[in-house]
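The structure appears below as structure tokens.
Counting begins at 1 with the first residue of the sequence. Since this is a predicted model, take the numbers as computed values, not measurements.
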Amino acid sequence: MEEKKRSSFSGKIGFVMAAAGSAVGLGNIWRFPYLTAEYGGGIFLLVYLILVVTFGFALMIAEIAIGRKTGKSAIEAFSNLNPKWGFLGKLTSAVPIIIFPYYCVIGGWVTKYITVFITGQTQAAAGSEYFSNFIGQETEPILWLALFIFATLIIVIFGVEKGVEKASKVMMPILVILSVAVASFVVFRPEAREGLRFYLMPDFSKFSSKTVLGAMGQLFYSLSLAMGIMITYGSYMRKEVHLEKSVKQIEVFDFGIAFLAGLMIIPAVFAFGSGDDLQAGAGLMFVVLPKVFANMSLGGVLGAVFFILVFFAALTSAISLMETIVSILMDRFRWKRSVSCIIVALWGILIGIPSSLGYGVWSNVQPLGFSILDFFDFISNSVLMPIVAFLTCIFVGYVIKPKAVIDEVELNGKFSRKRIFQIFIQYIAPIFIILILLSSIANSMGWWKI
């Protein structure tokens, strides 16, 4: 089980499934639908699609190419290409280390809700105080956190090909099938027409700079960018695998699941709740949707299937976060995989506990006015990730130059979107990332609502 040389995915399918599994997570199924509703429905969907194939494409190509070119995780990849930029590897590595514990807290909540719906507690889950009462407890949420981390550990400890890849090959097809099934059930309900119209028909009168910035911010969550994940997975990618085609397929998976999530949630809320319920933000999944399921025929079954789907999405992303940190520890300290996995699991529980208790007995602990979980989310997503993305663009665009990435991509043939990559990585992406950073901080601190 221990690895004496760099592991790799077995081939293109293994890489694409694992990378898509990382990209497809709570950002797609939880965050994307309520952002779509907040920023105008169809117009947000259109803007997001355009940005995925341009802005997101450029950053993902860059990160995967850096990983494959160096054969290193983020902690060493940048210094391998330019020793003066080793600080960026450390900064990038900090992101998954911060995110993993609180992400697993939310993964624990999802796991809890699977049992709630499977055991027929649909009406109870629809209660106004059910979710807040649950997360306010001291012990139960931590037990679900530990269970979710244990499930992640079991997969990652078996390694890249036997663990991460095999699990992704099983979970990703199931996730797609369940997404199509739930979305099909919802969209063919007569009551869903208004929601479908709102979601699928772009209203250009609702377009604004906030729409663009909101969609661009979503890319980081959705595509696993600026976390070191794609660099790590790129380091496991074999040289004979076509890099550009693989990234295109990851984009299709990512956008496809986000699109299906919108089809599952937005028409359902319109049909069995109200359009205003979509403004519930982070509470949409755990507060509003249980009420929606409670009002639907077969709602208990649909709710169980939905949260199983969300569990697979959360688990595939948690696997990528753990694998990234494990890879960092193995590269940096030359530790064995099993030791690194156990250390990361213990870290997740240790730091996840305060994030969980921040909604209960430690609710009075509010760094910068945030709950503990929201504080970690603010530091990682609103501050560190845009900084890492900006510096990565500068590193690729002006230090090692775009040609270093282009040469890596062209090992397997023509780079068809080479010009788009160059323009975005050097000129467009850095400017917009600075705007994302400023707007994210202003929004999170309450200075400006985006």
Note, S246 side chain near V241 side chain (heavy atom, < 4.5 Å) | yes
Is a side-chain N or O of S10 found less than 3.5 angstrom from the main chain of E161, in a donor-acceptor match?
-> no
Does some side-chain heavy atom of F421 sit less than 4.5 Å from a side-chain heavy atom of V409?
-> no
Donor-acceptor pair, side chain of W362 and main chain of P354, under 3.5 angstrom | no
Would you call R31-E38 a salt bridge at under 4.0 Å N-O?
-> no
Would a 4.5 Å heavy-atom cut-off, applied to side chains only, mark I114 and W144 as touching?
-> no
Go through the steps to decide whether I142 and L357 satisfy the test side chain to side chain contact (heavy atoms under 4.5 Å, CB included), and finish with yes or no.
-> CA-CA 8 Å; I142 294 173; L357 295 179; 4.0 Å; yes
Heavy-atom pair with the smallest gap, counting every atom of P402 and Q426 | CG-CD, 3.7 Å
Side chains of S382 and S440, donor plus acceptor under 3.5 Å = no
For I433 against L59, the heavy-atom pair lying closest together | CD1-CD1, 4.4 Å
Step by step, would you call E323 with Y236 a side chain to side chain donor-acceptor pair (under 3.5 Å)?
-> CA-CA 11 Å; E323 176 60 36; Y236 300 147; 2.5 Å; yes
How many angstroms lie between atom CD1 of I425 and atom CD1 of I394, to the nearest 0.5 angstrom?
-> 9.5 Å
Sidechain N-carboxylate O distance under 4.0 Å for E244, K414 = no
Sub-3.5 Å donor-acceptor pair from the side chain of S184 to the main-chain atoms of V180, do we have one?
-> yes
Exam field: side chain S317 to backbone A314, donor-acceptor pair closer than 3.5 Å = no
Approximate separation, where rounding is to 0.5 Å, of C104 SG and L153 CG | 10.5 Å
Got a salt bridge between R417 and E251, using NZ or NE/NH1/NH2 to carboxylate O under 4.0 Å?
-> yes
Check: A304 main-chain N/O paired with Y113 side-chain donor or acceptor under 3.5 Å = no
Any side-chain heavy-atom pair from F87 and L391 closer than 4.5 angstrom?
-> yes
Is the number of heavy atoms from other residues, nucleotides or ligands under 6.0 Å of K248 NZ greater than 12?
-> yes
If you measure only the distance, is there a donor-acceptor pair under 3.5 Å linking the side chains of S22 and S224?
-> yes
Closest heavy-atom contact between A65 and V405?
-> CB-CG1, 3.7 Å
Side-chain donor or acceptor of E63 paired with backbone N/O of A226 under 3.5 Å | yes
Would you say the ring centroid of F55 lies under 6.0 angstrom from that of F424?
-> no
Would S356 and Y102 satisfy side chain to side chain donor-acceptor pair (under 3.5 Å), going step by step from the backbone distance to the final call?
-> CA-CA 8 Å; S356 180; Y102 78 76; over 6 Å; no
Sub-6.0 Å ring centroid separation between F78 and W85 = no
Could you check F286 against W109 for ring pair (Phe, Tyr, Trp, His ring centres under 6.0 Å), going step by step and ending with a plain yes or no?
-> CA-CA 9 Å; F286 298 106; W109 299 347; 5.8 Å; yes
Can you list the steps and then say if Y233 with F9 is a ring pair (Phe, Tyr, Trp, His ring centres under 6.0 Å)?
-> CA-CA 9 Å; Y233 279 14; F9 294 113; 5.4 Å; yes
Criterion side chain to side chain contact (heavy atoms under 4.5 Å, CB included) on T92 and M227, from CA distance to verdict | CA-CA 6 Å; T92 305; M227 304 182 196; over 6 Å; no
Measure the acute angle between the ring planes of F333 and W335, then classify it against the limits of 30° and 60° as parallel, tilted or perpendicular.
-> parallel
Checking side chain to side chain contact (heavy atoms under 4.5 Å, CB included) for the pair I66/V396: CA distance, chi angles, key distance, verdict?
-> CA-CA 9 Å; I66 288 172; V396 173; 3.9 Å; yes
Parallel, tilted or perpendicular: which describes the rings of F307 and F117, with under 30° parallel and over 60° perpendicular?
-> parallel
Do F32 and L45 pass the side chain to side chain contact (heavy atoms under 4.5 Å, CB included) test, and can you show the C-alpha distance, the side-chain angles, and the key distance before you say yes or no?
-> CA-CA 9 Å; F32 180 80; L45 181 67; 3.7 Å; yes
Non-hydrogen side-chain atoms of F150 and I349 separated by less than 4.5 Å = no
Counting only heavy atoms not in K418, do more than 12 sit closer than 6.0 Å to its NZ atom?
-> no
Donor-acceptor pair, N28 side chain versus G25 backbone, under 3.5 Å?
-> yes
Any side-chain heavy-atom pair of Q422 and I406 under 4.5 Å | yes
Check: K239 main-chain N/O paired with R68 side-chain donor or acceptor under 3.5 Å = yes
Rounded to the nearest 0.5 angstrom, the CD1-CD1 distance for I135 and I106 is 10.0 Å
What are the two closest heavy atoms between T316 and G21, and how far apart are they?
-> OG1-O, 2.8 Å
In Å and rounded to the nearest 0.5 Å, what is the CG to CG distance from L51 to L223?
-> 10.5 Å
Gap between atom OG of S179 and atom CG of L175 - 0.5 Å precision | 4.5 Å
Could you grab the distance from atom CD1 of I174 to atom CZ of F311, nearest 0.5 Å is fine?
-> 11.0 Å
Please state whether the rings of F44 and Y48 are parallel, tilted or perpendicular, taking 30° and 60° as the class boundaries.
-> parallel
Could you pull out the closest heavy-atom pair between F220 and M216, with the gap in Å?
-> CD1-O, 3.7 Å
For the residue pair I420 and V53, establish whether any side-chain heavy-atom pair is separated by less than 4.5 Å.
-> no
Cation over ring, K210 on Y39, under 6.0 Å and within 45°?
-> no
Does CD1 in I428 sit with more than 12 non-hydrogen atoms of other residues, nucleotides or ligands closer than 6.0 Å?
-> yes
Which pair of heavy atoms, one from M172 and one from V24, lies closest together, and at what distance?
-> CE-CG2, 4.2 Å
Heavy-atom check, side chain of T324 versus side chain of I231, under 4.5 Å = no
Is the backbone N or O of E240 less than 3.5 Å from a side-chain atom of N412, with the two atoms forming a donor-acceptor pair by type?
-> yes
